[in-house]
Engineer: 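Sending over a structure as structure tokens; questions will come in a sec.
For clarity, every value in this text was computed on a predicted model and none was experimentally measured. Note that the numbering runs from 1 along the sequence shown for the chain.
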Amino acid sequence: MAIRQDDNRPSRRFGLINLLLIGFGVLLLFSNFLPNPATQVPRVPYSLFIDQVNADNVKRAYITSDQIRYELDKPPAEGAPTVLATTPIFDMDLPQRLEQHGVEFAAAPPRKPSFFTTLLSWVVPPLIFIVVLQFFARRSGMGGAQGALSFTKSKAKVYVPDEESRVTFADVAGVDEAKTELTEIVDFLKTPERYAAIGARIPKGVLLVGPPGTGKTLLSKAVAGEAGVPFFIISGSEFVELFVGAGAARVRDLFEEAKKKAPCIIFIDELDAIGKSRAGSMGMMGGNDEREQTLNQLLTEMDGFAAKDKPVIVLAATNQPEVLDAALLRPGRFDRQVLVDRPDLSGRKTILEIYAKKVKLADGVDLDKIAQATSGFAGADLANLVNEAALLAARAMRTTVEQKDLNEAIERVVAGLEKKSRVLQPDEKKVVAYHEVGHAIVGHLMPGGSKVAKISIVPRGMAALGYTLQLPTEERFLNSKEDLEGQIATLLGGRSAEEIVFGEVTTGAANDLQRATDIAEQMVGTYGMSEILGPLAYDKQGGGRFLGGTNNPRRAVSDATAQAIDKEVRSLVDRAHDRALAILRHNRELMESISLRILDKEVIEGDELKDLLAASTLPAEAALSPAAVA
């Protein structure tokens, strides 16, 4: 590929002119400070001046505030200067003395500025301004912007796919439905005439929504790579500037550049930075005028840039679609919303296979097990998992990544790093052991799609003194009331074990209680699983759908209803607590034996743990459903 070289001779000529101007200004500046021989007058002491006045040897004098210049009537010697100068002092009698001795005296006439001084005052200031302006213009205009005033220019980066950096749909996995939707966009960019012939109109905008790390940006790059067109990528926050109107100007500049390179794709990441609903700021003081002007300009550009022969398609991504302005989502702007969700089991396996090609895997590594153990992981989580496993293998001086490295990487992502330096006291270690075994026994007997895979009393993360790892056995998208009650009972298993063995509770169950209470509140207020309160939703479904928000505010309800909700939540947690106590009392001997073993080994997993938990049984009172108990 030929590389075009620009002729920089005009630029060199312009630089030479700048150097000449700078040199001329420096000469003018220094010329003002150089001594002028014509104006040099010998200085004498003031006392000599007074003596010469008293001797009637001074013909005339010119007096200023800083100098007295006088002319002698008779020089003291032949060739001596006749004009002398002295520095005045505070002498109120000087005018009378001069008048008595017949000396002509007056104030000195104002000095007429020289030609160089006048030229300096008129030429140098604008010259300095021009040089400084050109300096900033040349420095900030390297990328084609218009110098120091480039804050109104778009900061979008142009990604032109080549053979090395090209991203295609083969590099994206786990989002098959989203790829199917975007394939149509690629087909239109390649053959727009086929759609125009039948009268079809391709969507102007496609909004990718989903949790962080699911591959929205990667998908948009794959669209550009498949279509082979230029790809403008910019973040929503890059439109917002300190200067009002700069964001709107950048939007205009972005679409003007896109039209020149059409057909092309504009990708705006984090669209919610400029696309938030304007309804919230209506009638309120201090609204964000800059963001609203930027949004209005974006709406205008999306209405007017359509061209059948050279299309420009806008892709955007956001984690908060619920906060976007309604005008932005209407048909004709962002016609489609494509959900890019977390991958399912087969999608996780495909993603793991893609990233596993970048590292050296040992023979016998089972990615199916890793995919089953990573339910809820996004694509970025899986990429980080494989990288963590490779780092662990390199740290252990191994040349390949083994299965245990991947398993340890999962625990790192889920529970955090091992804190081997955190040494527990013997009595604390015993409490942690019984606590985790309580979780394991109850979790093993409760219904649901998870199994207990590991028990550890090695501290991890910031606060976990031990943990019980449960891995899903199947993909589940719905949970029944019985499943949720089983989850609450499992969470309370650790606290229940402490009550049975030690007769008291510790602070180790703080996170368990928080999660159990959240599940119970959702059962009553969100899922309508209370027989007393009925199928009503008492929680407001606010924002944060893809950002993990769970603390939804409660609707405005009466005091009686609020008390009934609190009573039902307490009843659900109490029933789960009683169930956990019944299970652990029934399996007291097994709990003691497993606890003694984990105190010795610190970690129990695999077939050993499976065989131990197989001996646990469910008591009759715990097997009954809560509805039957009630």
Side-chain angles (χ1 to χ4, degrees), residues 167 170-175 210-219 221 319 340-422 436 439 450-473 475 511 546-548 601-606 609:
V167 179
D171 301 314
V172 184
V175 284
T214 51
K216 298 184 289 294
T217 305
L218 189 64
L219 259 178
K221 284 187 177 181
N319 305 320
V340 186
D341 208 351
R342 292 184 175 90
D344 54 11
L345 179 61
S346 60
R348 291 196 299 274
K349 181 182 177 182
T350 308
I351 294 174
L352 287 170
E353 290 174 349
I354 291 175
Y355 288 107
K357 294 178 182 178
K358 302 178 182 180
V359 299
K360 295 181 180 180
L361 288 183
D363 295 335
V365 172
D366 191 354
L367 293 180
D368 287 329
K369 291 184 178 179
I370 303 300
Q372 291 177 358
T374 52
S375 178
F377 278 41
D381 298 326
L382 296 172
N384 183 47
L385 184 148
V386 175
N387 184 62
E388 284 288 342
L391 293 175
L392 288 171
R395 186 179 302 172
M397 301 300 179
R398 290 191 294 270
T399 57
T400 58
V401 178
E402 300 179 358
Q403 187 79 26
K404 60 182 179 181
D405 296 322
L406 292 168
N407 292 334
E408 174 64 20
I410 294 175
E411 295 182 29
R412 281 194 169 209
V413 175
V414 173
L417 296 175
E418 280 191 2
K419 297 289 185 179
K420 294 183 179 180
S421 59
R422 186 182 297 172
E436 299 304 332
H439 281 310
S450 299
K451 67 175 181 178
V452 180
K454 184 175 183 178
I455 307 175
S456 172
I457 58 173
V458 177
R460 277 185 177 270
M462 292 184 292
L465 301 179
Y467 67 98
T468 301
L469 181 63
Q470 286 185 273
L471 300 179
T473 57
E475 287 289 315
N511 182 256
F546 296 117
L547 298 179
K601 301 183 62 176
E602 291 190 339
V603 176
I604 303 177
E605 59 183 333
L609 179 60

Engineer: Looking at side-chain heavy atoms only, is the closest gap between Val386 and Lys358 below 4.5 Å?
Structural biologist: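 Side chain of Val386 against side chain of Lys358, heavy atoms only: no contact under 4.5 Å found.
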Engineer: If you measure from CD on Glu402 to CG on Asp363, what distance do you get to the nearest 0.5 Å?
Structural biologist: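 Reported to 0.5 Å precision, the distance equals 10.5 Å.
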Engineer: Begin with the C-alpha distance, continue with both residues' side-chain angles, and end with the deciding distance and a verdict on side chain to side chain contact (heavy atoms under 4.5 Å, CB included) for Arg412 and Leu392.
Structural biologist: CA-CA 11 Å; Arg412 281 194 169 209; Leu392 288 171; 3.4 Å; yes
Engineer: Looking only at non-hydrogen atoms, find the nearest pair between Val359 and Ala390 and report the distance.
Structural biologist: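 Heavy atoms of Val359 and Ala390 come nearest at CG1-CB, 4.0 Å.
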Engineer: Judged by atom type as modelled, is there a donor-acceptor pair below 3.5 Å linking the side chain of Arg348 to the main-chain atoms of Thr374?
Structural biologist: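 Yes; judged by distance alone, with no hydrogens or angles, the pair exists.
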Engineer: Would you say the side chain of Lys221 lies within less than 4.5 Å of the side chain of Asp171, judging by non-hydrogen atoms?
Structural biologist: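 The answer is no, as the side chains (C-beta and beyond) never meet within the 4.5 Å cut-off.
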Engineer: Please confirm whether the backbone N or O of Pro211 pairs with a side-chain atom of Lys216, one donor and one acceptor, at under 3.5 Å?
Structural biologist: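 It does hold such a pair.
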Engineer: Picking from Asp368, Asp344, Asp366, what satisfies salt bridge (Lys or Arg N to Asp or Glu O under 4.0 Å) with Lys349?
Structural biologist: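 Among Asp368, Asp344, Asp366, the one that satisfies the salt bridge (Lys or Arg N to Asp or Glu O under 4.0 Å) with Lys349 is Asp368.
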Engineer: Rounded to the nearest 0.5 Å, how far does OH of Tyr467 lie from CD1 of Ile455?
Structural biologist: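 OH of Tyr467 is found 11.0 Å from CD1 of Ile455.
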Engineer: Please walk me through it: do Thr399 and Lys360 pass side chain to side chain contact (heavy atoms under 4.5 Å, CB included)?
Structural biologist: CA-CA 7 Å; Thr399 57; Lys360 295 181 180 180; 6.0 Å; no
Engineer: In Å, rounded to the nearest 0.5 Å, how long is the span from CG of Asn387 to CG of Leu382?
Structural biologist: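 Answer for the CG-CG pair, Asn387 versus Leu382, is 12.5 Å.
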Engineer: Within a strict 4.5 Å, meaning less than it, do heavy atoms of the Val413 and Phe377 side chains meet?
Structural biologist: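 Val413 reaches Phe377 side chain to side chain.
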Engineer: If you look at every heavy atom in Leu352 and Ile370, which pair is closest and at what distance?
Structural biologist: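 Residues Leu352 and Ile370, closest heavy atoms: CD1-CG2, 3.7 Å.
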Engineer: I need the Arg398 CZ to Lys404 NZ distance, nearest 0.5 Å.
Structural biologist: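 Taking CZ in Arg398 and NZ in Lys404, the distance rounds to 4.5 Å.
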Engineer: Looking only at heavy atoms, which two atoms of Val401 and Ala389 are closest? And how far apart?
Structural biologist: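 What the structure gives for the nearest pair is CG1-CB, 3.8 Å.
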Engineer: Under the side chain to side chain donor-acceptor pair (under 3.5 Å) rule, collect the residues that match up with Gln403, sequence neighbours excluded.
Structural biologist: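 By the side chain to side chain donor-acceptor pair (under 3.5 Å) rule, Gln403 matches no residue at all.
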Engineer: Would you say the side-chain atoms of Thr468 pair up with the backbone N or O of Glu436, donor to acceptor, closer than 3.5 Å?
Structural biologist: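 Side chain of Thr468 to backbone of Glu436, a donor-acceptor pair under 3.5 Å: yes, one is there.
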Engineer: Which heavy-atom pair separates Arg342 from Thr214 by the least distance, and what is that distance?
Structural biologist: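 Residues Arg342 and Thr214, closest heavy atoms: N-CG2, 4.0 Å.
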Engineer: Which heavy atom of Ala173 sits nearest to which heavy atom of Ile354, and what is that distance?
Structural biologist: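 Heavy-atom minimum between the residues: CB-CD1, 3.7 Å.
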Engineer: Counting distance only, does the side-chain N/O of Asp381 pair as donor-acceptor with the main-chain N or O of Ala378 below 3.5 Å?
Structural biologist: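 Yes, Asp381 side chain to Ala378 backbone: donor-acceptor pair under 3.5 Å.
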Engineer: Measure across Gly379 and Ile351 and return the closest heavy-atom pair with its distance rounded to 0.1 Å.
Structural biologist: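 Heavy atoms of Gly379 and Ile351 come nearest at CA-CD1, 4.2 Å.
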